[in-house]
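Everything below concerns the one structure shown next.
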Amino acid sequence: MAGVTLKGVKKAYGAVEVLHGIDLDIRPGEFVVFVGPSGCGKSTLLRVIAGLEEITAGRLEIDGRLVNHASPKERGIAMVFQSYALYPHMTVYENMAFGLTLEKDTPKSEIDARVRRAADILQIEPYLDRLPKALSGGQRQRVAIGRAITRDPKVFLFDEPLSNLDAALRVQTRIEIARLHERMHGTTMVYVTHDQVEAMTLADRIVVLNKGRIEQVGTPMELYSDPDNLFVAQFVGSPAMNILKATAEAGRIRLADGGGAVAVEAPAGAGGALHLGVRPEDLALAGPDRALLTGTVTLTEALGEVTLVYVDLGGAGEPLVVKLPGAVDLARGSTVHLAAEPQSLRFFGADGRAIRPAAPERRYA
Ligand SMILES: Nc1ncnc2c1ncn2[C@@H]1O[C@H](COP(=O)(O)OP(=O)(O)OP(=O)(O)O)[C@@H](O)[C@H]1O
Ligand SMILES: [Mg+2]
């Protein structure tokens with residue numbers, strides 16, 4: 001098992017810098033997931049670790065060894081891409097063995113053992129003699145992963161490996177990747193995805209990237225429950241956390257843009273402009289006496305297990321999204337009162353940084 005350490009890593013293409021100084025410690029055996037908006041530098045960071053791109057500044061260590069100028073092969077990594085790029089004229093077996101046959105020093109029996117072990121882990125033995133065109137998308141992606149396994153890497157890098165698969169196959173292959181991490185006895189894995197569920201379920205820790213910088217690193221539950229800032233609060237979770245512009249005055253909260261008073265205490269020490277955050281799933285229908293917020297239904301979306309209700313709070317702000325369990329029949333234009341447990345509310349300063357109460361129960365260890 002090998003760790004990966006980045007210290008002040010920068011990457012520029014010509015005059016354009018796309019990674020602005022990344023500090024990150026990936027522990028041996030850890031499953032780390034990179035998320036962030038398109039163009040934020042996820043693939044670049046992965047390619048930098050792989051050695052497909054050279055860094056412009058900083059230090060990159062794999063397994064405690066400085067690898068700034070090491071070739072991809074010397075780094076002991078294997079990468080799986082979104083497009084599986086199998087050789088169409090080679091069988092599954094040949095595709096998986098190909099990288100090893102190029103290394104003249106690996107005996108045939110060793111290559112065979114490694115291909116069969118990878119095929120066993122991924123349960124693709126029945127397809128070893130087939131050509132890639134005779135496989136489904138999910139099976140092809142498993143062969144691509146198998147090709148990476150045969151190289152016996154210290155670190156696996158995945159760049160959106162499931163994004164070409166349909167929804168059902170994504171779920172199945174996601175579970176296989178989780179199982180793979182277990183069966184590989186915790187080989188270090190770094191995984192890029194756009195998919196919230198993949199990030200939440202696969203990651204030991206998630207790295208949220210934005211414009212070439214790290215916004216926060218933490219376990220999935222830390223990011224969900226205790227985001228450091230507005231960006232992370234709105235990026236993790238779906239639908240996104242509702243963010244209401246507000247002001248704190250004499251310990252009370254009033255919504256900006258004409259939204260009225262909110263029946264909740266302002267966090268200690270907060271004054272002036274701030275943001276109030278509440279997740280759609282933390283809001284519930286309530287009687288007027290218990291209401292935190294009151295508004296008018298503008299739209300409902302029944303998704304089966306939940307109903308999304310969009311509520312106009314009467315101010316100039318965006319409608320609030322409320323996620324209610326089951327099927328809920330609410331007519332457009334009807335008035336709803338919404339309650340939330342006070343401890344589910346999040347506050348962010350005008351600068352976007354989380355305002356955390358001193359109470360220890362809000363912090364995850
Ligand atoms: N070879 C290159 N030359 C110049 N700019 C590049 C090059 N490769 C990437 N970039 C730029 O670097 C930035 C980060 O790109 P990157 O591919 O890492 O983003 P990403 O987070 O993987 O996005 P996506 O989610 O769309 O895959 C982008 O602005 C991109 O245009
Ligand atoms: Mg990318």
Side-chain angles (χ1 to χ4, degrees), residues 4-24 26 31-60 62 67-72 75 77-85 137 140-141 144-145 147-148 153 155-167 170 173-174 177 188-203 205-218 220 223 227-240:
V4 180
T5 304
L6 295 93
K7 288 181 188 146
V9 166
K10 295 185 178 182
K11 173 65 190 173
Y13 294 105
V16 184
E17 194 174 271
V18 298
L19 297 176
H20 308 295
I22 300 286
D23 294 307
L24 180 62
I26 299 171
F31 200 127
V32 165
V33 175
F34 293 168
V35 298
S38 186
C40 70
K42 302 180 295 295
S43 296
T44 305
L45 191 53
L46 213 59
R47 294 171 61 82
V48 152
I49 295 171
L52 299 171
E53 308 276 356
E54 229 182 282
I55 61 177
T56 344
R59 265 182 87 83
L60 178 60
I62 297 179
V67 293
N68 280 23
H69 304 292
S71 70
R75 296 184 188 203
I77 53 93
M79 191 148 163
V80 178
F81 298 92
Q82 176 176 354
S83 57
Y84 0 95
R140 279 181 220 174
Q141 191 56 290
I145 295 169
R147 191 170 50 181
V155 181
F156 270 101
L157 306 176
F158 294 92
D159 196 351
E160 307 204 38
L162 309 186
S163 54
N164 283 344
L165 308 181
D166 68 35
R170 279 183 85 120
T173 317
R174 181 185 88 215
I177 287 178
T188 311
M189 294 192 173
V190 188
Y191 189 102
V192 171
T193 184
H194 269 106
D195 186 298
Q196 292 265 347
V197 179
E198 276 173 34
M200 294 299 282
T201 56
L202 288 173
R205 285 191 302 159
I206 297 176
V207 177
V208 182
L209 288 162
N210 182 26
K211 296 182 186 156
R213 290 195 169 80
I214 292 179
E215 292 279 353
Q216 191 173 357
V217 182
L223 298 192
D228 272 347
N229 54 52
L230 276 179
F231 183 86
V232 175
Q234 293 205 276
F235 196 80
V236 175
S238 177

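Note that ligands are numbered from 1 as they come in the structure, with each ligand's atoms numbered from 1 the same way. Counting from 1, the numbers follow the sequence of the chain as shown. FYI, side chains are in, hydrogens and waters are out, and symmetry mates aren't considered; it's all heavy atoms of this structure.
- Looking only at protein heavy atoms, the nearest one to atom 17 (O) of ligand 1 is S43 CB, 3.7 Å.
- Of the N or O atoms in G36, none lie within a sub-3.5 Å distance of an N or O in ligand 1.
- The Mg ion (ligand 2) has an N, O or S atom of S43 under 2.8 Å away, backbone or side chain.
- Residues P72 and G51 approach most closely at CG-O, 3.5 Å, considering heavy atoms.
- Within the 4.5 Å cutoff, the side chain of F235 has no heavy atoms near those of the N210 side chain.
- We find that R170 and E198 are joined by a salt bridge, their nearest charged nitrogen and carboxylate oxygen being less than 4.0 Å apart.
- Of the protein's non-hydrogen atoms, the one nearest atom 25 (O) of ligand 1 is K42 NZ, 2.8 Å.
- The shortest side-chain heavy-atom distance between D159 and L157 does not fall under the 4.5 Å cut-off.
- Taking CZ of R174 as the reference point, atom CG of L162 lies at 9.0 Å (rounded to 0.5 Å).
- Side-chain atoms of N229 and Q216 form no donor-acceptor pair, as typed in the model, at a separation below 3.5 Å.
- When hydrogens are left out, the protein atom nearest atom 26 (O) of ligand 1 is S38 OG, 2.5 Å; that is the closest non-hydrogen contact.
- Near H194, meaning under 4.0 Å from any of its heavy atoms, are these atoms of ligand 1: 25 (O).
- Residue contacts with ligand 1 leave out R47, since none of its heavy atoms falls under 4.0 Å from the ligand.
- By the 30° and 60° cut-offs, the orientation of the rings of F158 relative to Y191 is tilted.
- Closest protein heavy atom to atom 16 (P) of ligand 1: T44 OG1, 3.5 Å.
- For ligand 1, none of its N or O atoms has an N or O atom of V18 under 3.5 Å away.
- Distance from atom 14 (C) of ligand 1 to its nearest protein heavy atom, with residue and atom name: G39 O, 3.4 Å.
- Polar contact check, G41 against ligand 1: a nitrogen or oxygen pair lies under 3.5 Å apart.
- Closer than 4.0 Å to atom 30 (C) of ligand 1 lies none of the heavy atoms of the protein.
- Between I214 and D23 the shortest side-chain heavy-atom distance does not fall below 4.5 Å.
- Of all protein heavy atoms, the one closest to atom 9 (C) of ligand 1 is Y13 CE1, 3.7 Å.
- Between I145 and I177 the shortest side-chain heavy-atom distance falls below 4.5 Å.
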